[in-house]
Amino acid sequence: MGMAGEQVIKKLSFLDRFLTLWIFLAMFVGVGWGYLFPGVVGFWDKFQVGTTNIPIAIGLILMMYPPLAKVKYEELGGVFRNYKVLGLSLIQNWVIGPILMFLLAIAFLSGYHEYMVGLILIGLARCIAMVIVWNDLAAGDREYCAGLVAFNSIFQVLFFSIYAYIFITVLPPWLGLKGMAVKITIGQIAEVYSSILGSPS
């Protein structure tokens, strides 16, 4: 690790430095809580509005707002004029990523259909909140991060349902596996995004 990397780490607070650990602990606690107290699922469902869980939406807003507030939005034009970066992001996120996750799902979970479909869906969903947080912690270029996140978010709203149909309904039968009808509309995806961002659906 270079001097720049060491300086970034030294600037991180205790909570930020071990963020990965806190994430795994939260996952462990959540899974354990659900296993020990199955009724907790119904409790959290009370805070559901449409497809959006309100506590999760509030948490995402609180997590994304600080780094996004530091972005110089007047400089985003330069990001969208860099076609090489946009093209690379498009290939990584919407060609390599989905195909890789599809192959992993087929290779390791073909005997567990629900898990296979779940992994494929995760592979199609581009991460937004954590990308912004990790970039900020690493002292990355905030303008490029915000621009690429916006670019991929728009692409996800428009094409997620199409990708889900191709990778879950069309392709598995070609490989001798069971396909599944996935009913995800562009409107539903847009509703989730608008709810997370705090705007009216």
Smallest heavy-atom separation, Ile132 atom then Cys145 atom, equals CA-SG, 3.9 Å
Would you say that more than 12 heavy atoms from the other residues, nucleotides or ligands in this model lie under 6.0 Å from the OH of Tyr73, or not?
yes
Using every non-hydrogen atom in the two residues, find where Leu121 and Ala164 come nearest and quote the distance to one decimal.
CD2-CB, 4.3 Å
Given the rule that I, L, V, M, F, W and Y join up when any side-chain heavy atoms are under 4.5 Å apart, are Phe102 and Leu100 in one cluster?
yes
The test is side-chain contact (heavy atoms from CB on, under 4.5 Å); show your working for Phe151 and Val85 and say whether it passes.
CA-CA 11 Å; Phe151 176 69; Val85 171; over 6 Å; no
Looking at Pro98 and Leu124, what are the two nearest heavy atoms and their distance?
CB-CD2, 3.6 Å
Would Leu36 end up clustered with Trp44 when hydrophobic side chains under 4.5 Å apart are linked, directly or stepwise?
yes
For Leu88, enumerate each residue passing the side chain to side chain contact (heavy atoms under 4.5 Å, CB included) test, keeping only those at least two apart in sequence or located in another chain.
Gln92
Tell me, with the steps shown, if Ile120 and Met101 meet side-chain contact (heavy atoms from CB on, under 4.5 Å).
CA-CA 6 Å; Ile120 294 173; Met101 293 299 283; over 6 Å; no
Got a list of side-chain donor-acceptor pairs under 3.5 Å for residues 137-144, not counting sequence neighbours?
from	atom 1	to	atom 2	distance (Å)
Asp141	OD1	Glu143	N	3.0
Asp141	OD1	Tyr144	N	2.9
Arg142	NE	Asp136	OD1	2.9
Arg142	NH2	Asp136	OD1	3.4
Glu143	OE2	Lys72	N	2.8
Tyr144	OH	Asn82	ND2	3.0

Rounded at 0.5 Å granularity, tell me how far CZ in Phe37 sits from CH2 in Trp33.
9.0 Å
Is it the case that more than 12 heavy atoms not belonging to Tyr112 sit under 6.0 Å from its OH atom?
no
Spacing of CG belonging to Leu171 relative to CG belonging to Leu103, to within rounding of 0.5 Å
10.0 Å
Leu158 and Val95: same hydrophobic cluster, using ILVMFWY side-chain contacts below 4.5 Å?
yes
The reported gap from OG in Ser89 to CZ in Phe155 (rounded to nearest 0.5 angstrom) is 10.0 Å
Main chain of Leu148, side chain of Asn152: is a donor-acceptor contact present, judged purely on distance under 3.5 Å?
yes
Within the 4.5 Å heavy-atom criterion, are Tyr163 and Ile168 side-chain neighbours or not?
no
Taking the six-membered ring for Trp and the full ring for Phe, Tyr or His, determine whether the centres of Trp94 and Phe159 are under 6.0 Å apart.
no
Single-linkage hydrophobic cluster Ile56~Met27, side-chain heavy atoms < 4.5 angstrom
yes
Ring pair (Phe, Tyr, Trp, His ring centres under 6.0 Å) involving Phe43 - partner list, sequence neighbours excluded
Phe47
Tell me, with the steps shown, if Met116 and Ile106 meet side-chain contact (heavy atoms from CB on, under 4.5 Å).
CA-CA 7 Å; Met116 181 188 77; Ile106 296 299; 3.7 Å; yes
Which heavy-atom pair separates Leu68 from Ala146 by the least distance, and what is that distance?
CD2-CB, 4.4 Å
So if you build clusters from Ile, Leu, Val, Met, Phe, Trp, Tyr with side-chain heavy-atom gaps below 4.5 Å, do Phe167 and Leu104 land together?
yes
